[in-house]
Amino acid sequence: MSSKSNTSDRDEHGPHAKRPRKGGLSYANQGLKTDVDFLSRGDSDRPIAVILTPLRERQQQILSRNLKAAGAKILQFDERKSEDEQPATEGLVVVTDNPKKARRVVENREETMKNVVFVETKWATRVLAEQRWVPIQPYVLEQTKATQHESSTVPESDEINLDTALEASSKSRKNADTLPVWCRKKTCENSDIAEKREFLEGLPRFLCERCTITQAIYEAPNNELCKLLEIIEKKRRLEQAGGSEAEADIRARAYRRASAALKCVPFKLQTVQDAQALHSLGPRVLSIVQEYLMNGTVREVQLMETDHRLRILTQFQSVYGLGYVSARRYYDELRITSMDQLVEKSSRDESSEANVLVRYLGYIDKLAHLRWKDAVAVVDMVSQAANVTGEDDLHLRFQLCGGFRRGESSGHDVDILYCRQEKYAHDCSSVMKELISRLERTGLIVKVLRESSDTNGWNEVRYHARSSRAIFRYAHDVVHAIAKYKGCFFRLDLVGVRDAFEFCFTTISWSGSTPFQRDLRWWCEKKKGWTFNEHGVFDRESGQRVKLNPEPKSEMDVFAALGLTYRAPFERSC
DNA sequence: CGGCGTACG
DNA sequence: CGTA
DNA sequence: GCCG
């Protein structure tokens, strides 16, 4: 079962893990030593209680699910105290960004008020990033008198911190689950520089081996620089400076890799030397980093904002069905130099080779970004359309994927996967056409842009020229559409998985992020000699499907079978 | 100097 | 050449 | 553009 691998995975890094002893104290205990007293008993089987308030719904959901998995007891702030729920803890950690409001909420629980600490949300995200209880000291916003007094009896010791840091950073070389203590320090002493360097150099090479937490949950310190690098990525592709399209693309992608590498760095970069220690940052990117560190701006990026051609090309490229090659051709050869012109010419010109483009352009000015909450609501609507009788009529189960699954706060498209429920998994026929027509009737789907629901059944695929035998499998049903919800238009992707056992692979593939997927597939190729795709894992030589043992039923099973540390969706936002 | 994800319309 |  |  998936839950088994879940607990074993969590136990390994969890708060109560048996760590190598050092000075008679477990690692976990050392980390907690500097905390207020009740937390120092953290390695007993008594969980700490955490209240999350007031936080955004999505954030609360993700944090509570994962803190719970780490052994915390989660108390809902609106939850009326019931008799059977005696507090199993002596203290209370309140995770909040608004201590005043939180205080009012907590004041109703008078009996716990003796030991209450209010901490920043950042603490909770650190716990998730490091997979252990980190000291709460740097994150304390406010605490009650009783705990304040107790904490002063346990003075903070730098020695302990240093030990912890060394042990943590030596572990981080193998895998980036644990971050050194200095990540949490506000100021950075000289002695920390070497440790930082070591940490940066110790990060695993492949993005799928790292933990990169979604921006919406954890505000990465180098976010600004990452965004600039991604703008340059776009610029390189639009310019196609020297060489072929493919070469421009690969050079552009290097900037994306650099950005992705930066995203999991938990402290703000101070020097180019820090940056140099990272994978994927070579001379070209470093010169950009230097410019940014010195001026706070990058000239090339400003060009993207001021240059008319680049601005228009960027707009064109945002149109579905219009890539950078066509964008350039429209501007340079056909002299279409504004969005209005493009819309006008395309709607008049019936001979347009890009049929999709014409269909899409009618909605171009209406398309809006969706919030996370709305994306979840859309999944609900789709799922209801698949069950009109109230008795499960199409027997489907749905899974939100894409950026929203990773916890991103907004996005321009919603990706939804579905497949038949277990009992009906033997039936591999397509229900996509039925589903689409239902969604068109309810008014959710406004326009189908592209559809590939293959009703013939098997698709023959020859994975490798060397393979004499062809591989047979069902093609997925994929539909790209424009949908409408609450008066907003947005892109909706539906994916039907016909072979239920492929569902976990498809879920991984459609949950992104793009750089994460690339590195996952690259890693599989390099380390295992396997080709990873949304259907499963295949041997490079024979082309045959690799029989994993036991057969993966969930994403977690897949990571385990590959020998990778599990990354939750919100940890894949590179 | 070769490789960089993989599959689909 | 476009999409994910 | 960067890495092995």
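Keep in mind that this is a model prediction, so the values were computed, not measured. Per chain, numbering begins at 1; letters A, B, ... match sequence-line order.
The CZ-P distance, from A:Arg540 to B:dT6, rounds to 10 Å in whole Å. Whole-Å rounding puts the A:Gln276 CD to D:dG1 P distance at 17 Å. A:Gln517 places its CD atom 10 Å from the C1' atom of B:dT6, with the value rounded to the nearest Å. Put simply, CH2 on A:Trp510 is 18 Å from P on B:dG5, counting in whole angstrom units. For the pair A:Arg521 CZ and B:dA7 P, the interatomic distance rounds to 7 Å; values are reported in whole Å. One atom, CH2 of A:Trp522, and another, P of B:dT6, lie 11 Å apart when rounded to the nearest Å. Rounded to an integer number of Å, the gap from A:Arg518 CZ to D:dC2 P is 16 Å. Rounding to whole angstrom units, CZ of residue A:Phe516 and C1' of B:dG5 are separated by 13 Å.
Mapped onto DNA chain B by nearest heavy atom, A:Phe532 and A:Arg450 fall at different nucleotides, with A:Phe532 at the one closer to the 5' end.
Distance noted for atom P between B:dG5 and D:dC3: 15 Å (whole Å).
A:Val479 comes within contact range of no nucleotide atom at all, as no heavy-atom separation falls under 4.0 Å. Across all strands shown, A:Glu245 has no heavy atoms under 4.0 Å from either base or sugar-phosphate atoms. Among the protein residues, A:Leu449 comes within range of no part of the nucleic acid, since none of its heavy atoms lies under 4.0 Å from any strand. No contact: A:Leu520 has no heavy atom under 4.0 Å from any strand. Among the heavy atoms of the strands, none lies under 4.0 Å from A:Val495. At a threshold of 4.0 angstrom between heavy atoms, the contacts of A:Arg328 with the nucleic acid are absent. Using a 4.0 Å heavy-atom distance criterion, A:Ser509 is classed as making no nucleic acid contact.
Side chain of A:Arg205, nearest nucleotide from D:dG4, B:dG5, B:dC8: D:dG4. Comparing B:dC8, B:dC4, B:dA7 by their closest approach to the side chain of A:Thr531 singles out B:dA7. Nearest to the side chain of A:Arg253, among D:dG4, D:dC2, B:dG5, sits B:dG5. Side chain of A:His279, nearest nucleotide from B:dA7, D:dG1, D:dG4: D:dG4.
Under the side chain to side chain donor-acceptor pair (under 3.5 Å) criterion, A:Arg253 pairs with A:Asp249, not counting sequence neighbours. In this structure, the side chain to side chain donor-acceptor pair (under 3.5 Å) partners of A:Arg406, at least two apart in sequence or on a different chain, are A:Glu408, A:Ser573. Residues passing the side chain to side chain donor-acceptor pair (under 3.5 Å) test with A:Ser437, sequence neighbours excluded: A:Arg441. Applying the side chain to side chain donor-acceptor pair (under 3.5 Å) criterion to A:Ser429, with sequence neighbours excluded, gives A:Asp427.
Applying the side-chain hydrogen bond (donor to acceptor under 3.5 Å, both in side chains) test to residues at least two apart or on different chains, the pairs with a partner in residues 480-492 of chain A are A:Tyr320-A:His480, A:Asp374-A:Lys486, A:Arg491-A:Asp493.
Between the side chains of A:Arg521 and A:Ser509, at least one donor N or O sits under 3.5 Å from an acceptor N or O.
Looking at heavy atoms from C-beta onward, A:Tyr292 lies out of side-chain contact with A:Asn222 at the 4.5 angstrom threshold.
Regarding contacts with the backbone of D:dG1, a side-chain N or O of A:Arg284 is found under 4.0 angstrom from either OP1 or OP2.
Chain A approaches DNA chain C within less than 4.0 angstrom (heavy atoms of the protein), and the contacting nucleotides run 5' to 3' from C:dC1 to C:dA4.
Note that A:Lys447 lies outside the cation-pi zone of A:Tyr363, set by a 6.0 Å cut-off to the ring centre and a 45° limit from the axis.
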